[in-house]
Each structure stands twice: as structure tokens, then as C-alpha cells.
Amino acid sequence: MITRKSKSNTNWIAQSRRALVAIASVIVPLVAPIVFAQTPTASRPTTISVKSGRPLADALDKIEKLFGQPITFEEVPHQSPSYLKTLTVATGSGPRQVLFTPITDLSVMVDPASSTAYSAAQRALAAHVALGQPGIYTVVQRATTVDVTPEQVLNASGSLSSVTPIMSQPITFPLATRTGWDTLQLTVNQISAQSGARIVILNPFFSFNQSLALAATGESARDVISGMGAKLGTTVSFECLYDAGDRAYYLTIKGVNPPPPSGLTPPRGKTSGGSSAPSNSPFFTKAQ
């Protein structure tokens, strides 16, 4: 026989579990999206399927791993309430409203034998548009990278407005030997000063203690980051994701591995160093 008290406890546990599931569905896509991909081979097309709140970013990440070519991605600064969803979560300081983008499935067919990272990124963007996902982007093939940059976004009133990519901001600092972390922080500080955007560095690929001699003479922030990787003898890319609730960009620098041998699953991008976000932030991750 279930007493009134035990029934109340049972209801409370069930409600708590539902709340945790709801929170996980919001927070997990921000830091550890659920990404699936069939094992690629050089002889047949591969379906890349993702399920997250940032399907374009996650599809580009899988394409990058498949081809072993850097693909940089900067997310549009979401503003429209017609797209953003709201969830109230309990925190130590009281209830807090979290804004998040809906979890969406996106699939794209890629043929590693006859396509390139550039054409595959274009296909991912076409799938993004076909799903009615917000944000207008441009795919640019450059000498060593494929850049997916924001062009337009739905503003708070529901109309399209132009976006100036923050990672295209010009960076200038004198030649000096600094740690990788200090150089990256110097770059981010200049981006913030010029754009007015708040930027949080997450899991930088560059070690806190690795040193490099580098100067910037008006190059874009994306080029400075590529130059940092070259100085340290590695190939890097980045994701710059926007959190509407915090009104901040979260920047992750990734090491790019060569494409895997035929028939092998591509490795996950490697990172080093811990997140600079507070430990109670939904973006916080431990060093790996």
C-alpha cells in the first residue's frame, strides 16, 4: 500500500528526473553534442547524421574529421524569440531561465572519393537551409581552411539583419614571445574591444605553457589563430558558438588530425587544457 507521503515522494522523484532530462537536453548539445556517423570508406558515400541543438556546427565537425581539413565555424548571434526556446531551471541562487536552440536532426550524404571538405560543407549548409534552420551563412574556400561565416540573422523583431563576423576582426600586436594561452587571450581581448562582444575561451588546444613568437599586423582573428597553430607545428580550426542567454560567444580551438585510413572511424578532435569558464557554467569541461 502506498501512503500519501510515499506517493508524494514518488511524484517528487519523477518530477526531478523529468527536470534533469529537460536540462540535459538543453545543456548537453552545447558542450557534448550527440553525433553519429557511419564508418567512412574511400569507395562509397557516407551519411553523416547529427542530432543536437547546433546541427550545422556538429555536421561541419564530422566533415572536418572525415577530410582532415580545418573547417572554421562562427555561429550567428541568435536573437529571435520565434526560434529560441525557454526553460526554467533551479540553481543554487534560485530559478534561472535558460535560452536554447531546439534539438534537430540533420543528415548529409558525403562521398569522400569524389568530394572535398568545401563541397561537403556546402551540402551541410544546404541541409541546414532545407530544414528551415535560422541563420544565413557563407562557405569560403581559402588556402588552408574552409570558413563558414555568418551573414544574416533573425533579429528580436523577426526580420533579417546583417552580421559582422567577430572572427574577421583585424588583430594587431607587436612581436614577442608569449605562451599560447596569453597570445590567444590577447587576440580575444582585441576582438571584444572592437566588436563589443563577450567571448569566453573553452578548452583551448594551445597549452598554457607552450611558448611562441608571433606578431599580428592587421590580420583577421581567424588568421592569427591559424598562425598560432603553424608556429606550434600543428593544424587547428575553431568553433565560435553563441549563447543567447549569456549574450556571449564561446570559442573552442581544435587540433585537426589527418584523415583516417580507409574503413576506420575518424578520431574525435583533441583538446588540451581546461575550460576557462566557471565550474558551474553549462560550458565547463575538464581538461582531457
message: Looking only at side-chain N and O atoms, does Gln185 offer a donor or acceptor that is under 3.5 Å from a partner on Thr183?
response: no
### Side-chain ion pair, Asp58 and Lys62, N-O less than 4.0 Å
no
The reported gap from OG1 in Thr116 to CG in Asp111 (rounded to nearest 0.5 angstrom) is 11.0 Å
What is the distance from atom CG of Asp182 to atom CG of Leu214, rounded to the nearest 0.5 Å?
->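 Spacing of CG (Asp182) from CG (Leu214) equals 12.5 Å.
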Partners meeting side-chain contact (heavy atoms from CB on, under 4.5 Å) with [X] (sequence neighbours left out):
| X | value |
| --- | --- |
| Val163 | Pro77, Pro150, Val153 |
| Gln133 | Pro55, Tyr83, Thr104, His128, Leu131 |
| Ser195 | Ile166, Gln169, Ile191, Ala197 |

In short, Pro165 meets Thr149 closest at the heavy-atom pair CG-CB, 4.3 Å
Pro174 and Ala215 have their tightest heavy-atom pair at C-CB, 4.0 Å
According to the ring-ring contact (aromatic ring centres under 6.0 Å, His included) rule, which pairs have a member within residues 144-165, sequence neighbours left out?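 Every pair satisfying ring-ring contact (aromatic ring centres under 6.0 Å, His included) with a residue in residues 144-165: there are none.
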Worked check of side chain to side chain donor-acceptor pair (under 3.5 Å) between Glu219 and Thr217: CA-CA 6 Å; Glu219 297 91 344; Thr217 56; 3.1 Å; yes
**Q.** For Glu64, all residues meeting salt bridge (Lys or Arg N to Asp or Glu O under 4.0 Å), sequence neighbours excluded
**A.**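 With neighbours one apart ignored, the set is Lys254.
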**Q.** Counterpart residues, salt bridge (Lys or Arg N to Asp or Glu O under 4.0 Å), relative to Arg142 (two or more places apart)
**A.**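 Scan of Arg142 (salt bridge (Lys or Arg N to Asp or Glu O under 4.0 Å), adjacent residues dropped) gives Asp147, Asp223.
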The side chain to side chain donor-acceptor pair (under 3.5 Å) partners of Thr144 (sequence neighbours excluded) come to none
Applying side chain to side chain donor-acceptor pair (under 3.5 Å) to Thr164 and not counting sequence neighbours gives none
TODO: Measure the shortest side-chain to side-chain distance between Arg198 and Tyr250 over non-hydrogen atoms and say whether it is less than 4.5 angstrom.
DONE: yes
Besides Met109, the hydrophobic cluster formed by Ile, Leu, Val, Met, Phe, Trp and Tyr side chains linked at under 4.5 Å, directly or via other members, contains none
The remaining residues in the hydrophobic cluster of Leu160, counting side-chain heavy-atom contacts under 4.5 Å among Ile, Leu, Val, Met, Phe, Trp and Tyr, are Ile136, Leu154
Side chain to side chain contact (heavy atoms under 4.5 Å, CB included) between Tyr137 and Gln152, worked out:
CA-CA 7 Å; Tyr137 297 87; Gln152 292 181 303; over 6 Å; no
Contacts of Phe238 meeting ring-ring contact (aromatic ring centres under 6.0 Å, His included) (sequence neighbours excluded), chain-then-number -> none
So, Arg54 side chain and Thr101 main chain: donor-acceptor pair closer than 3.5 Å or not?
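Looks like no, no N/O pair under 3.5 Å.
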**Message:** Show me the pairs that pass salt bridge (Lys or Arg N to Asp or Glu O under 4.0 Å) and involve residues 185-197, at least two apart or across chains.
**Reply:**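 Sorted pair list comes back empty.
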